[in-house]
Amino acid sequence: MNGGADLGGMMGFGPIVPEENEPNFHADWEARVMGMVVALGAAGQWNLDQSRFARESLPPAEYISDSYYEIWLKAATKLMLERGMITEGELANGHAITDPVPVKRTLWSTDVPSALAKGGPVDRPAETQPAFAPGDRVHTINIHPDSHTRLPRYARDKLGVIERVHGHHVFPDTNARGEGEQPTWLYKVSFEACTLWGERAAPGDKVTLDLWEPYLKGLK
């Protein structure tokens, strides 16, 4: 969606200044939020793309001004409220009032190392052949969905070239809407920087994006 998370090419935010020797967490509560969000994800009440959409659908002013883990916490709270895992009253009082909602899975502390090592692979077996091959010229579609998409605004309705076929992966757009994984082919697509950013882009610079097949149309 065209929310606060899709800022590529936006002006007025100043330069990105990397923090030297940046720690994993700037405060203890951030580590607790990360642990809580990982445990909640393992409960199976939502999928990865639904959690991403919960973050990027926060009001843009909040998304831009909040810290990284504040966004995580707000999105997790939003998802728990939507699924009845907590109530507004419990949130206000800070303790449980109703019985816990049954969940699909529980992440026990002893299982954390193996669960994190395993991760959440999103590649799936393919029953079709990819529509494009390296070297093919493609044109991205122009969409403005009100839900999650991995096609950023600055790369819509642009010309690019297929560099690599990554494999067959869960399609984030449908998965975020709860319409199933609908796996499809994923490609590495390169764009001339001037195609995306205009004549002020440095000649010869390129931008590469990983894009799913439904985002692309072939060119003869």
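Note that these values count all heavy atoms, side chains included, but never hydrogens, waters or copies made by symmetry.
- Taking Trp72 as the reference, Tyr68, Tyr69 meet the ring-ring contact (aromatic ring centres under 6.0 Å, His included) condition, with sequence neighbours excluded.
- Using a cut-off of 4.0 Å between Lys/Arg side-chain N and Asp/Glu carboxylate O, Arg150 and Asp173 are scored as not salt-bridged.
- Residues Glu56 and His148 have side chains that bring a donor and an acceptor to within less than 3.5 angstrom of each other.
- Side-chain N/O atoms of Asp49 and Asn175 include a donor and acceptor closer than 3.5 Å.
- Annotation: side chain of Val207 is not in contact with side chain of Ser190 (no heavy-atom distance under 4.5 Å).
- For CZ of Arg32, the number of neighbouring non-hydrogen atoms (other residues, nucleotides, ligands) closer than 6.0 Å is 12 at most.
- At a cut-off of 3.5 Å, with distance as the only test, no side-chain donor of Asn24 or His26 sits close to an acceptor on the other residue.
- Shown here for Thr174 and Glu181, the closest heavy-atom pair between the two residues is OG1-O, 3.7 Å.
- In summary, the side chains of Ser57 and Lys78 do present a donor paired with an acceptor at a separation below 3.5 Å, with no hydrogens or angles considered.
- Between the side chains of Glu163 and Thr208, no donor-acceptor pair is found at a separation under 3.5 Å.
- In this structure, Arg153 pairs ionically with Asp6, as a charged nitrogen and a carboxylate oxygen lie closer than 4.0 Å.
- With sequence neighbours left out, the side-chain hydrogen bond (donor to acceptor under 3.5 Å, both in side chains) criterion links Arg177 to Glu179.
- Counting heavy atoms from C-beta outward, Trp185 and Leu211 have side chains that stay 4.5 Å or more apart.
- For the residue pair Asn2 / His144, a side-chain donor-acceptor distance below 3.5 Å is found, with atom types taken as modelled.
- One finds the CG atom of Asp146 at 6.5 Å from the CZ atom of Phe53 (value rounded to the nearest 0.5 Å).
- If you check the side chains of Glu213 and His168, you find no donor sitting under 3.5 Å from an acceptor.
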